[in-house]
Amino acid sequence: MSNVRKTIRDLAGYVPGEQPQQGKLIKLNTNENPYPASETVVSAIETAVRNLVRYPDPVATGFRLTAAPILGVDPDWILCGNGSDDILTILTRTFVDAGNTIRLPYPSYTLYRTLAAIQGATAEEVAFNDDWTLPTAFRTGDGQLRLVLLPNPNSPTGTVVSREEILEIADSLPCPLIVDEAYADFADFNCIDLVQENEKIIVTRTLSKSYGLAGLRFGFAVAQPQVITQLLKVKDSYNCDSLSLAAATAAIRDTTWLAENVAKIRVTRSRLQEQLAQLGYDVIPSHANFVWCTHPEQPAEEIYEYLKANGILVRYMKYPKWQDGLRISVGSDEQMDACLSLLEKR
Ligand SMILES: *Cc1c(COP(=O)(O)O)cnc(C)c1O
């Protein structure tokens, strides 16, 4: 349709991982948690469902009051969103004009490219060094550079950039640095407290992975209050509904559930990595709830097709300037056994 903005007509659109709604596939392709969420989340939704007549709290006061002491910040340092993808949209709309540039590492989360394109901005990809640190080119830039996005741990590699390096990058950049911590609960450290050191550091989080609530759609940003004030102007008034607010508040409060869940997944992750290596795969040690692997002889796409034909869905990803490979989510031990025994038979 010719009335559509040229930027949008020219856009291919982001393609998320397959989400089959039927069938009995073992789903290891979009890094969902294999375990059900805390029971307290279910009860919170059951209570909230009886009270849907009124609009939800537009600024998520209950969630922010509960989350603040757990995260170690004040409530006015938190902004809530309909998944962290909503938070990322708010951030690009706040900071990026048409013609500007956003920067992301390579290989990384490809949604960022789509967000840049919707704004009519250019996405500049800077390749990681061989040791998964970032080159100097990642931390310099002119007035056109408006946002730098860094998933930490990164997807699809599962690698991390150190806190020291993140502070240094933020100090030398002319624009905000978004540290996308979708997977930080599975890592040994996070960067939430660094937000206090530099107003350019903005951390984003999601309940989709470590809290087992991908279907709920809830994420949040942590930033200095003068930044949050600006972001609040851009978000939809009621971007989080009453059910997700009630559920997210219960989820973040249940720190025991989170610790147990993360511990289980980290044990399974080690085992998956070891066994893939034993089967001859090249594996990058992961700090997230997925593992990136390639096989020196077998093409990744064929392994993906073979697993799918046998009822297991993993993510086949192609990075033209790097390599193609498989990103396998860490599932339950039974799911990993099923996957590994198929790979062994190949
Ligand atoms: C999964 C993921 C998100 C999106 O999380 P939602 O809250 O489900 O929108 C954001 N960033 C990265 C790097 C992810 O892998």
Side-chain angles (χ1 to χ4, degrees), residues 14-19 27-34 37 41 60 63 67 78-93 102-116 118 123 125 128 132 147-161 166 177-187 190-192 202-222 235-236 239-241 243-245 247-248 251-252 258 262 265 269 284 286-292 314-315 317 319 326-331:
Y14 178 68
V15 184
E18 298 161 79
Q19 303 295 356
K27 209 172 158 300
L28 305 173
N29 68 330
T30 51
N31 305 336
E32 289 134 323
N33 209 293
V41 171
F63 176 84
I78 303 170
L79 171 87
C80 297
N82 181 35
S84 69
D85 286 350
D86 179 35
I87 299 286
L88 295 169
T89 301
I90 295 169
L91 289 165
T92 48
R93 289 168 72 193
I102 73 157
R103 175 180 293 155
L104 55 144
Y106 185 86
S108 189
Y109 188 38
T110 49
L111 173 76
Y112 302 152
R113 296 179 56 86
T114 309
L115 294 176
I118 293 169
E125 294 176 323
F128 279 105
W132 302 108
L147 207 57
V148 174
L149 293 135
L150 177 64
N152 206 46
N154 186 46
S155 173
T157 57
T159 52
V160 283
V161 169
I166 284 173
L177 170 65
I178 312 306
V179 184
D180 180 342
E181 292 199 337
Y183 302 104
D185 288 324
F186 302 106
N190 67 67
C191 294
I192 284 199
I202 301 173
V203 170
T204 63
R205 288 282 180 92
T206 173
L207 301 198
S208 297
K209 314 304 182 6
S210 54
Y211 289 86
L213 292 170
L216 185 77
R217 311 308 305 139
F218 194 89
F220 58 92
V222 179
K235 81 174 190 72
D236 290 342
N239 61 333
C240 300
D241 62 79
L243 300 183
S244 73
L245 287 172
I252 200 111
L258 179 70
V262 164
I265 288 174
R269 176 179 74 195
I284 303 177
S286 172
H287 299 259
N289 68 334
F290 54 81
V291 172
W292 177 265
V314 300
R315 189 81 174 260
M317 290 171 124
Y319 288 88
L326 301 177
R327 196 191 66 186
I328 305 178
S329 306
V330 178

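Indexing begins at 1, ligand by ligand and atom by atom, following the structure's order. Because the structure is predicted, anything quoted here is derived from the model rather than measured.
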> What residues form a side-chain hydrogen bond (donor to acceptor under 3.5 Å, both in side chains) with T92, not counting sequence neighbours?
Replying inline: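 If we apply the side-chain hydrogen bond (donor to acceptor under 3.5 Å, both in side chains) test to T92, skipping adjacent residues, there are no hits.
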
> Between the side chains of K209 and T206, is a donor N or O closer than 3.5 angstrom to an acceptor N or O?
Replying inline: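 The criterion, which ignores hydrogens and geometry beyond distance, is not satisfied for T206 and K209.
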
>> Among T204, I192, L150, exactly one meets side chain to side chain contact (heavy atoms under 4.5 Å, CB included) together with E181. Which residue is that?
In response: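 It is I192, the one option of T204, I192, L150 that forms the side chain to side chain contact (heavy atoms under 4.5 Å, CB included) with E181.
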
List, for ligand 1, each N/O atom that has a protein N/O partner under 3.5 Å away, with both atom names and the distance.
unit_1: ligand 1; atom_1: 5 (O); unit_2: S84; atom_2: OG; d: 3.1
unit_1: ligand 1; atom_1: 7 (O); unit_2: S84; atom_2: N; d: 2.6
unit_1: ligand 1; atom_1: 7 (O); unit_2: S84; atom_2: OG; d: 3.3
unit_1: ligand 1; atom_1: 7 (O); unit_2: T206; atom_2: OG1; d: 2.5
unit_1: ligand 1; atom_1: 7 (O); unit_2: S208; atom_2: OG; d: 3.3
unit_1: ligand 1; atom_1: 8 (O); unit_2: S208; atom_2: OG; d: 2.6
unit_1: ligand 1; atom_1: 8 (O); unit_2: R217; atom_2: NH1; d: 2.8
unit_1: ligand 1; atom_1: 8 (O); unit_2: R217; atom_2: NH2; d: 3.4
unit_1: ligand 1; atom_1: 9 (O); unit_2: S84; atom_2: N; d: 3.3
unit_1: ligand 1; atom_1: 9 (O); unit_2: D85; atom_2: N; d: 3.0
unit_1: ligand 1; atom_1: 9 (O); unit_2: D85; atom_2: OD1; d: 3.4
unit_1: ligand 1; atom_1: 9 (O); unit_2: D85; atom_2: OD2; d: 3.4
unit_1: ligand 1; atom_1: 9 (O); unit_2: R217; atom_2: NH2; d: 2.8
unit_1: ligand 1; atom_1: 11 (N); unit_2: D180; atom_2: OD1; d: 3.3
unit_1: ligand 1; atom_1: 11 (N); unit_2: D180; atom_2: OD2; d: 2.6
unit_1: ligand 1; atom_1: 15 (O); unit_2: Y183; atom_2: OH; d: 2.6
unit_1: ligand 1; atom_1: 15 (O); unit_2: K209; atom_2: NZ; d: 3.1

> Residues two or more places apart in sequence or in another chain: which of them pass side chain to side chain contact (heavy atoms under 4.5 Å, CB included) with A116?
Replying inline: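 So A116 forms a side chain to side chain contact (heavy atoms under 4.5 Å, CB included) with I102, A121, A123.
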
> Residues in ring-ring contact (aromatic ring centres under 6.0 Å, His included) with Y211, at least two apart?
Replying inline: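 ring-ring contact (aromatic ring centres under 6.0 Å, His included) list for Y211, sorted by chain: empty.
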
> Closest heavy-atom contact between N82 and C240?
Replying inline: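 In this case the closest contact between N82 and C240 is N-SG, 4.1 Å.
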
